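Convention: sequence-line order gives letters A, B, ...; per-chain numbering from 1. Keep in mind that this is a model prediction, so the values were computed, not measured.
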Amino acid sequence: SQTIHQWPATLVQPVGSPLSLECTVEGTSNPNLYWYRQAAGRGLQLLFYSVGIGQISSEVPQNLSASRPQDRQFILSSKKLLLSDSGFYLCAWSGSSNEQYFGPGTRLTVT
Amino acid sequence: GENVEQHPSTLSVQEGDSAVIKCTYSDSASNYFPWYKQELGKRPQLIIDIRSNVGEKKDQRIAVTLNKTAKHFSLHITETQPEDSAVYFCAASRRNSGYSTLTFGKGTMLLVSP
C-alpha cells in the first residue's frame, strides 16, 4: 500500500532563515505531488504541484519554491522566511485517478 | 478558475441527529467532488467522493449527492456521533492531461454534542 511521509513534524524558525521541508511517497511510481498550506483555522491553499521529476507548477506567487529531484520526493524551500509563512504544510499525492491523499503535515512557526 | 463555496461554516447538532453540509462550484467542467474530514491537528482524510456520472453515493452513515445542473453537491451524515466532530472540506476538480488539482471550500466545523 502507499505511504506518504513528511518531515520534520514541527519546526520553529526565525524570520529571515531558510526553510526545507521534505515529502516522500512509498508504494507507487510516477505520482502527482502537491504542496498545500493551511493557515490557522483556515482552508487549504494549493502552493505547488508536480507531474514528474523536475516539473513544477506554481499556483500562487510567494517567496516559496518547490523541487522534485526524484520520482517520489518533493521538497518545499524558502531562502528567507516571513512571519506570514507560518502554517500547517501538507504534502499530497495522487495516482492515475483523482483521489488525493495527504501526508501527516509539518507545522511551521516563524518567530 | 474554479471557485467552491461551502456552507455553513459552523454546524452544531445533537448526537443522533443528521447533519448536512452544502457546496457550490463554478466550473461546469469539474467532474470529481471529494469530501475530507480533518480532526484537530491532523491531516485531512478522504471520506467519500463522487464523480459527475452519478447523482448519489452512500457509505454507511455518510452520503453525498450531486446536482450538476445546479452545480452543487452536499454531504449528509446520519445518526451523528461525537467522533464525527471535525472540520469537513468539500472540493472540486477536473481531470487535465494526467493530473488534477483540487479547489477546496473553506470548511465546516461540525460539533456533535452528546
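Near-neighbour residues of residues 99-111 of chain A relative to chain B, defined by a heavy atom under 4.5 Å from a heavy atom of that chain, comprise A/Glu99, A/Gln100, A/Tyr101, A/Phe102, A/Gly103, A/Pro104, A/Arg107.
Using a 4.5 Å heavy-atom threshold, the side chains of B/Lys68 and B/Asn31 count as separate. Using a 4.5 Å heavy-atom cutoff, the side chains of A/Thr28 and A/Trp93 are in contact.
Within a 6.0 Å radius of CD in A/Gln2, other residues, nucleotides and ligands contribute more than 12 heavy atoms. The environment of B/Glu83 atom CD is dense: over 12 non-hydrogen atoms of other residues, nucleotides or ligands sit within 6.0 angstrom.
Using a 4.5 Å cut-off between heavy atoms, A/Ser97 touches chain B through backbone and side chain atoms alike. With a threshold of 4.5 angstrom between heavy atoms, A/Leu44 approaches chain B through its backbone and through its side chain. Residue contact with chain A, scored on non-hydrogen atoms closer than 4.5 Å, involves the side chain of B/Gln38 exclusively. Neither the backbone nor the side chain of B/Pro34 comes within less than 4.5 Å of any heavy atom in chain A. Within the 4.5 angstrom heavy-atom criterion, only side-chain atoms of B/Leu46, from C-beta onward, approach chain A.
In this structure B/Glu2 satisfies the side chain to side chain contact (heavy atoms under 4.5 Å, CB included) test together with B/Val4, B/Tyr25, B/Ser26, B/Asp27, B/Ser30, B/Ala92, B/Thr103, sequence neighbours excluded. Considering only residues two or more places apart in sequence or on other chains, A/Ile56 meets the side chain to side chain contact (heavy atoms under 4.5 Å, CB included) condition with A/Phe48, A/Ser50, A/Ala66, A/Arg68, A/Phe74.
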If you look only at distance, which donor and acceptor atoms sit under 3.5 Å apart when one is on a side chain in residues 104-114 of chain B and the other is two or more places apart or in another chain?
unit_1, atom_1, unit_2, atom_2, d
B/Thr108, OG1, B/Gln6, NE2, 3.0
B/Thr108, OG1, B/Pro8, O, 2.5

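Distance check, rounded to the nearest 0.5 Å: CZ of B/Phe89 to CD1 of B/Ile47 gives 11.5 Å.
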